[in-house]
Peer 1: 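The structure under discussion is supplied below as structure tokens; questions concerning it will follow.
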Amino acid sequence: MMFAAAGQLTLVTGLVHSILGEVMIFRPLRNGSFVSATSPAPLAKRTIGILWATWRLATVFGWAFAGILLQLAFAPQAASTTVPVVTAIVFANVGGGLLVLVGTKGRHPGWIALLAVAALAWFGVNAA
């Protein structure tokens, strides 16, 4: 029951984090573009892209942990394969490499490391 409550609270926290960040920080900086396009002093325009991506990463990583906690609550026997699969998906797609790649237009090298973690986790599942 504790794992289920922790997972649900993590999902809600991630949603609130993303919504408030968008409304309070990123929306005022957006000039009709998907990723914020203006930069308040003293931040450089390129810095805003990584801040935007990192803000989302925190939310998505939190949701990944929520999924793991819910797995532990409702099907703990399957957790040994769920953890690396969730890790691979999050680091590659929704919250990792692709998000940083898009948010920084490829200028921040973090996307390479995130995609490498995703590949290693994915192939680790299949190798086990």
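No experiment lies behind these values; they were computed from the predicted model shown. In what follows, residues are counted from 1 in the order of the sequence shown. Computed over heavy atoms, backbone and side chain alike; hydrogens, waters and symmetry mates excluded.
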Peer 1: With sequence neighbours excluded, what pairs up with L9 under the side-chain contact (heavy atoms from CB on, under 4.5 Å) test?
Peer 2: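 Scan of L9 (side-chain contact (heavy atoms from CB on, under 4.5 Å), adjacent residues dropped) gives T13.
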
Peer 1: Under the rule for side-chain contact (heavy atoms from CB on, under 4.5 Å), what residues qualify as partners of V12, not counting sequence neighbours?
Peer 2: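 Listed in chain order: V16.
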
Peer 1: Kindly write out the residues that satisfy side chain to side chain donor-acceptor pair (under 3.5 Å) with T59, not counting sequence neighbours, or none if the list is empty.
Peer 2: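 Only H17 meet the side chain to side chain donor-acceptor pair (under 3.5 Å) criterion with T59.
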
Peer 1: If hydrophobic clusters are built by linking Ile, Leu, Val, Met, Phe, Trp and Tyr wherever their side-chain heavy atoms come under 4.5 Å apart, do V60 and F65 end up in the same one?
Peer 2: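 Shared cluster, no.
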
Peer 1: Under 4.5 Å between side-chain heavy atoms, counting indirect links through other Ile/Leu/Val/Met/Phe/Trp/Tyr residues: same cluster for V102 and L115 or not?
Peer 2: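 Per the 4.5 Å side-chain linkage, V102 and L115 are not co-clustered.
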
Peer 1: Output the distance between atom CD (E22) and atom CH2 (W52), rounded to the nearest 0.5 Å.
Peer 2: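 Going from CD on E22 over to CH2 on W52, the span is 8.0 Å.
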
Peer 1: Once you round to the nearest 0.5 Å, how far does OG1 of T10 lie from CG of L15?
Peer 2: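 T10 atom OG1 to L15 atom CG measures 12.5 Å (nearest 0.5 Å).
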
Peer 1: Where is the tightest heavy-atom contact between W63 and L11, given as atom of each residue plus distance?
Peer 2: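 That closest heavy-atom pairing would be NE1-O, 3.0 Å.
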
Peer 1: Which pair of heavy atoms, one from A73 and one from A4, lies closest together, and at what distance?
Peer 2: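 Between these two residues, the closest heavy atoms are CB-N, 3.4 Å.
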
